[in-house]
Amino acid sequence: MTITSPHLGSPSVWTDAKLLYALEEVVETELNRHLKIAKDWMPHEYVPWTDGRNFPGFFEDGESWEKEQSKVTEIGRIALVVNLLTEDNLPSYHHEIASLFGRDGAWGTWVHRWTAEEGRHGIVMRDYLLTSRAVDPDKLERFRMAHMSEGFEHDHRHSMLHSVAYVAFQELATRISHRNTGHQSGDPVCDRMLARIATDENLHMVFYRNLLKAAFELAPDLTMQAVRDVVVGFRMPGHGIPGFERAAAQMAIGEVYNLRIHHDDVLQPVLRFLKVLEIDGLGPEGLKAQEELGLFMGGLDAEAAKFDEKLAARKARMAARAGA
């Protein structure tokens with residue numbers, strides 16, 4: 001890609017403003033592609049409304065929540081709460097990307113479209129959870145208030161490149177988490193709903209991944225450093241949820257999201273598609289970042305192998321106890 005606009009100045013000194021301007025055409029292309037393939041869907045069509053009944057409070061016939069009222073598995077319940085609370089912080093996410101990407105032109109159109117699509121996810125998940133009585137509604141609301149009151153700030157919120165790199169991986173991570181939650185939920189209705197959400201998340205990932213590819217063509221050294229920083233320090237956006245560490249550990253054991261999944265199904269596909277570790281012609285800082293990224297991925301794979309062994313041993317112990 002050749003930048004010819006006199007407004008950009010020398011591309012050897014990239015700023016966020018220059019990169020935003022330089023990537024505008026790519027954003028417009030990706031936005032148009034996204035709008036052609038994204039399918040509208042109705043959240044209310046995925047909710048089992050006939051299963052719903054009143055909760056105590058305003059209604060005299062309200063029935064208190066009990067865990068046994070839902071067919072959702074325990075790991076499904078834990079993951080659904082984490083996933084929904086993550087989606088709930090959409091106002092903070094919108095503020096973050098709108099502040100970085102702007103509200104005008106193709107960037108602004110994408111920001112608002114992305115926000116509208118993400119809004120469906122929280123709507124349908126909450127309606128499903130309350131209607132099917134999959135979770136304690138009082139506890140869920142207290143968690144929502146606590147989580148949203150804290151807001152969300154991205155670890156690299158002041159860097160446009162870092163933000164693009166982050167969402168390229170995070171959107172795929174969210175897709176995988178939703179999809180695996182559906183598989184582990186024990187409820188076909190839940191699985192269908194989360195599969196629909198996962199389809200959206202995958203399209204969002206493709207948008208940002210292709211944008212990251214264009215950034216590599218424009219500013220390979222800076223983009224390589226951004227990818228290195230994001231991958232090495234990656235955290236899911238829901239890390240501020242009350243009790244997140246314990247929930248994350250349970251989700252790891254339950255094979256919803258763990259080190260092996262993070263390495264194999266999230267980081268590797270994006271890095272492999274972009275051929276990040278094969279890019280040549282980098283300057284000293286870009287080359288250093290590439291080497292550090294390669295070392296980190298090797299170390300993460302080794303850590304994932306250790307986790308795999310522990311998980312296999314745990315399964316064997318549980319199977320032995322069940323057969324005793």
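Side-chain atoms of E118 never come within 3.5 Å of backbone atoms of T115 as a donor-acceptor pair (strictly under, hydrogens ignored). With hydrogens and angles disregarded, a donor-acceptor distance shorter than 3.5 Å links the side chain of R77 to the backbone of A134. Put simply, the side chain of S177 never gets that close to the backbone of T174: no donor and acceptor are under 3.5 Å apart. Of the possible polar contacts, one joining the W65 side chain to the V135 backbone as a donor-acceptor pair under 3.5 Å is found. In this structure, N54 contributes its side chain and G62 its backbone to no donor-acceptor pair below 3.5 Å. A donor-acceptor distance shorter than 3.5 angstrom exists from the side chain of D16 to the backbone of M160, with no hydrogens or angles considered. Remark: side-chain polar atoms of D221 are paired, donor with acceptor, to backbone N or O of G283 under 3.5 angstrom. Although no hydrogens or angles enter the test, the distance criterion places a donor-acceptor pair under 3.5 Å between the side chain of N258 and the main chain of I261. Under the 3.5 Å distance criterion, the side-chain polar atoms of S185 are left unmatched by any main-chain donor or acceptor of T73. With hydrogens and angles ignored, the 3.5 Å screen pairs a side-chain donor or acceptor of Q290 with a backbone N or O of V276.
Considering E63, Q69, E66, E68 as possible partners of R133, the one that fulfils the side-chain hydrogen bond (donor to acceptor under 3.5 Å, both in side chains) test is Q69. Exactly one of V124, T181, T199 qualifies for a side chain to side chain contact (heavy atoms under 4.5 Å, CB included) with L194. That residue is T181. With F234 as the partner, the ring pair (Phe, Tyr, Trp, His ring centres under 6.0 Å) test is satisfied by one option alone out of H262, H263, H162: H262. None of Y93, W107, F207 except one satisfies the ring pair (Phe, Tyr, Trp, His ring centres under 6.0 Å) rule with F101; the exception is W107.
Between D265 and R260 no salt bridge is recorded (no basic side-chain N to carboxylate O distance below 4.0 Å). K288 has no carboxylate O lying under 4.0 Å from a charged side-chain N of E291, or vice versa, which leaves the two without a salt bridge. Salt bridge status for D136 with K67: absent, with no side-chain N to carboxylate O gap under 4.0 Å. Note on R192 versus D187: no salt bridge recorded, every NZ/NE/NH1/NH2 to OD/OE distance being 4.0 Å or above. Salt-bridge annotation for D88 and R126: present, with a side-chain N of the basic residue lying under 4.0 Å from a carboxylate O of the acidic one.
The neighbour count for D61 CG, taken as heavy atoms of other residues, nucleotides or ligands under 6.0 Å away, is above 12. Around the NE2 atom of H95, the shell of radius 6.0 Å holds no more than 12 heavy atoms that belong to other residues, nucleotides or ligands. More than 12 heavy atoms of other residues, nucleotides or ligands sit less than 6.0 Å from atom CZ of R53. Around atom CD of E292, more than 12 heavy atoms belonging to other residues, nucleotides or ligands sit under 6.0 Å away.
Under a hydrophobic-cluster definition in which Ile, Leu, Val, Met, Phe, Trp and Tyr are linked whenever side-chain heavy atoms come within less than 4.5 Å, directly or via other members, M193 and L130 are assigned to different clusters.
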Report task. Show your reasoning for whether side-chain contact (heavy atoms from CB on, under 4.5 Å) applies to D127 and H44. Result -> CA-CA 8 Å; D127 287 347; H44 55 269; 6.0 Å; no

Report task. List the steps and the verdict of side-chain contact (heavy atoms from CB on, under 4.5 Å) for E285 and M224. Result -> CA-CA 9 Å; E285 291 301 316; M224 184 66 73; over 6 Å; no

Report task. Given ring pair (Phe, Tyr, Trp, His ring centres under 6.0 Å), test H94 with W114 step by step and report yes or no. Result -> CA-CA 9 Å; H94 175 84; W114 174 88; 7.9 Å; no

Query raised in the report: Can you list the steps and then say if K315 with E255 is a salt bridge (charged side-chain N to carboxylate O under 4.0 Å, His left out)?
Result: CA-CA 12 Å; K315 288 181 178 179; E255 298 183 85; 2.7 Å; yes

Requested in this report: Start with the C-alpha gap between R175 and H204, add the side-chain angles, then the distance that decides, and say whether side-chain contact (heavy atoms from CB on, under 4.5 Å) holds.
Outcome: CA-CA 10 Å; R175 170 192 179 274; H204 298 164; over 6 Å; no

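The structure places CG of L23 at 13.0 Å from CD of E28, a figure rounded to the nearest 0.5 Å. A distance of 11.5 Å separates CD of E150 from CE of M145, quoted to the nearest 0.5 Å.
A heavy-atom distance below 4.5 Å is not found between the side chains of D138 and F55.
Annotation: cation-pi geometry not satisfied between R196 and Y46 (NZ/CZ under 6.0 angstrom from ring centroid, within 45° of ring axis).
Using modelled atom types, one finds no donor on one side chain facing an acceptor on the other under 3.5 Å when comparing W49 with Y128. With no hydrogens or angles considered, a side-chain donor-acceptor pair links E117 and H34 at under 3.5 Å.
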